[in-house]
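Down below is the structure, laid out as structure tokens.
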Amino acid sequence: MLIFSLILFVGISSVSAHGADLTEDTMIIANDSNGIIAKSIVDDLGLEEIKVYKYVSDGDVEHQLEHTLSNPNKRILAISYQDTVNEFLNKHPDLKDRIIVSDDDNNSIAVNAKKLVAIDVN
């Protein structure tokens, strides 16, 4: 009975933790091909509050975007998975002031990273 209770407790804990947002509030959604470039640009601009996260699937990106629904401090710049992000924004147009979709060229990333940190979430 003790082993069953322990397994049940561990199982419930992991399910509850699945919904936790472990990313920073100000972030860039990138992929393998543009993540390093984005990190270099925000570092060169001194935008230390922006963290770059590389994603590998639309599902992971959708999950991340859903955190903006409950976290009013979440600001996202999407340089990858633009179609997924635009679909999410079509369903939640009120989040267009905190989620920016951008091309992944150096100039677009720099301009939109500056816009991202300028968004007032207070």
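Since this is a predicted model, take the numbers as computed values, not measurements.
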Which heavy atom of [X] sits nearest a heavy atom of [Y], and at what distance?
| X | Y | answer |
| --- | --- | --- |
| G35 | V52 | O-CG1, 3.7 Å |
| V85 | A78 | CG2-CB, 3.6 Å |
| Y55 | Y81 | O-OH, 3.0 Å |

Hey, quick one: are [X] and [Y] part of the same hydrophobic cluster, counting side-chain heavy atoms closer than 4.5 Å, chains of contacts allowed?
| X | Y | answer |
| --- | --- | --- |
| I100 | L95 | no |
| M27 | V101 | yes |
| V61 | L69 | yes |
| V111 | V117 | no |

Taking atom [atom1] of [X] and atom [atom2] of [Y], what is their separation to the nearest 0.5 Å?
| X | Y | atom1 | atom2 | answer |
| --- | --- | --- | --- | --- |
| T68 | D25 | OG1 | CG | 11.0 Å |
| L89 | I99 | CG | CD1 | 5.0 Å |
| E87 | D58 | CD | CG | 8.0 Å |
| K54 | D60 | NZ | CG | 14.0 Å |
| R75 | N73 | CZ | CG | 8.0 Å |
| T26 | I50 | OG1 | CD1 | 7.0 Å |

Could you tell me whether a side-chain N or O of [X] sits under 3.5 Å from a main-chain N or O of [Y], the two making a donor and an acceptor?
| X | Y | value |
| --- | --- | --- |
| N71 | H67 | no |
| D105 | S108 | yes |
| N34 | N31 | yes |

Have [X] and [Y] got a donor and an acceptor in their side chains that come within less than 3.5 Å?
| X | Y | answer |
| --- | --- | --- |
| K74 | T23 | yes |
| T84 | E62 | no |
| S80 | D104 | no |

Can you find a heavy atom in the side chain of [X] that is under 4.5 Å from one in the side chain of [Y]?
| X | Y | answer |
| --- | --- | --- |
| E24 | Y53 | yes |
| V121 | R98 | yes |
| I28 | K51 | no |
| I29 | I79 | no |

Crowding at CD1, I119 (>12 non-hydrogen neighbours, <6.0 Å):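 Correct, the count exceeds 12.
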Geometric class of the H92/F88 ring pair [parallel <30°, tilted 30-60°, perpendicular >60°]: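 Ring orientation of F88 relative to H92: tilted.
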